[in-house]
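Proteins get letters first, then strands, A, B, ... in listed order; numbering begins at 1 in each.
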Amino acid sequence: MSIWENLGLVYALLGAAIAVLMAGAGSAIGVGIAGQAASGVVTEDPSKFAKVLIMQLLPGTQGLYGLLVGFITLSKIGLLGGGAVDMTPATGLMILAACLPIGIVGLISGKYQGMTSAAAIGIVAKKPDQFGKAMLFPAMVETYAILALLISFLAVNAIQV
Amino acid sequence: MSEQYTYAVARIRALEVSLFSNSTIDQLIACQGYDQCLQFLEEKGWGDAETAGNAEAMLTREEEKIWEVVKELSIGMEHFAVLSYPKLFHNLKAAIKEVCTEEKNRHIFYEDVSIPGSAMLEIIKDKDFGKLPANMQHAAEEAYESLLHTRDGQLCDVIIDKAALDAIYAAGKSADARIIRDYAESTVAVADIKIAVRSQKTAKSIEFMKRAMAECDSVNVDLLSKAALAGMDALREYLLGTAYAEGAEALSESPSAFERWCDNRIIQTISPQKYNAFTIGPVIAYVIARQNEIKTVRIVLSGKLNDLPDDSIRERVREMYV
């Protein structure tokens, strides 16, 4: 089986890989940044562990969104069921394009949500009673990851293979 | 924007909770007597088991705690040069005086600096000034020779204090962090203004003032010393035209109000760091805030020990960072 004969499938698989890889990388960076801040607070005040852990987990959702789009893509092209479908390079490229929003937005929003979480952890460190308000700031960044997930999800589903 | 200080800043945020606020200082002033003040401080976690009942040991221990935290943050100590220079130059001054006067004094050196007391004494005894940092060598030699030949302790102080201000200013200018630059600028300018005020009160010559003052951007040393020579009104008038106009108002009020303003000016410089999450700024600000806190507690304890009325103590206490 030549790669050139299955170029459509290769493009589609590349799309799934980008969705998982870039969104996952964004989450890893974000959770890492927020984790450093969480460690700083817990070093001085271990009683705030639960609150800062929630803050640290907020940037982790982008990785899940990427995984979801990756699953849908693999399912769409039949790789999960064992029988890969035949598709033209044009269709493969369309699936690749459909995967880009969550890949790119996931990477960028993951990093910035991590930074916002780290700053919000500073609020929790000084004013633990303001936890609800502090959580809203990183949650705002999530909006754009959800919008990207929505578009990637709708686009992958809309493509006829 | 760098994330390398994320851990440090978050840890500092958690530590800022235990910094004394203005209301905590009011509670301390309201304590009935010196012993109750010490008890209040111990209840707040100041000092340790070995410093109980000893105010000076407690304050020294608190100063040590600041640098223990900073070392745990794994931040290069070169970033804190502007804060450690006063102690380092103090050690130089103390060592020169001890060597030249051959008087032994205990506990006059700071040990938590790059050149502790014993090492500094060795260098001065051997006249091995080349072992000192480059920005200390010339001042050390000049101060040593002048004290040895003239026995003028004030001249020795002036030479070393100016070298310290120049070193702080140079460290500030070469720093990447804005807070270090602002702090160095404020520190040097406020020190120059203090020199001008004290020189005016003790009728010092313009040559003395120029020798003692360090150059900086926000204050013109030439105009400041001429204003000080012309009198207190001219000095106030000059300050009103600079970024330190509030200092002129404090100067009209009282000498202690002016000293208070000098320290408050530094706290105002570092205040924006309360809202910064990713730079070294909050760490530097925390160190300055803790030093200011210790200084304020020392003022309150001295007031209580000397039975000063609460209002007189309150007039002298500094603004807190939190």
Verdict with reasoning, B/T279 to B/Y5, per side-chain hydrogen bond (donor to acceptor under 3.5 Å, both in side chains): CA-CA 6 Å; B/T279 69; B/Y5 299 114; over 6 Å; no
Toward chain B: residues of residues 38-52 of chain A with heavy atoms under 4.5 Å: A/S39, A/G40, A/V41, A/T43, A/E44
For the pair B/E62 and B/Q291, evaluate side chain to side chain contact (heavy atoms under 4.5 Å, CB included) and give the outcome as yes or no after the intermediate values. CA-CA 9 Å; B/E62 286 304 307; B/Q291 287 175 336; over 6 Å; no
Does [atom1] belonging to [X] count more than 12 external heavy atoms closer than 6.0 Å?
X	atom1	result
A/D129	CG	yes
B/F258	CZ	yes
B/Q32	CD	no

With a 4.0 Å cut-off, would you call [X] and [Y] a salt bridge?
X	Y	answer
B/R316	B/D263	no
B/R11	B/E72	yes
B/K71	B/E68	no
B/R265	B/E319	no

Does any backbone or side-chain atom of B/A10 lie under 4.5 Å from a heavy atom of chain A? Answer side chain, backbone, both or neither. both
Verdict with reasoning, A/Y65 to A/E142, per side chain to side chain contact (heavy atoms under 4.5 Å, CB included): CA-CA 11 Å; A/Y65 300 159; A/E142 189 76 18; 2.7 Å; yes
Positions in residues 16-27 of chain B that reach chain A, provided some heavy atom is under 4.5 Å away: B/E16, B/V17
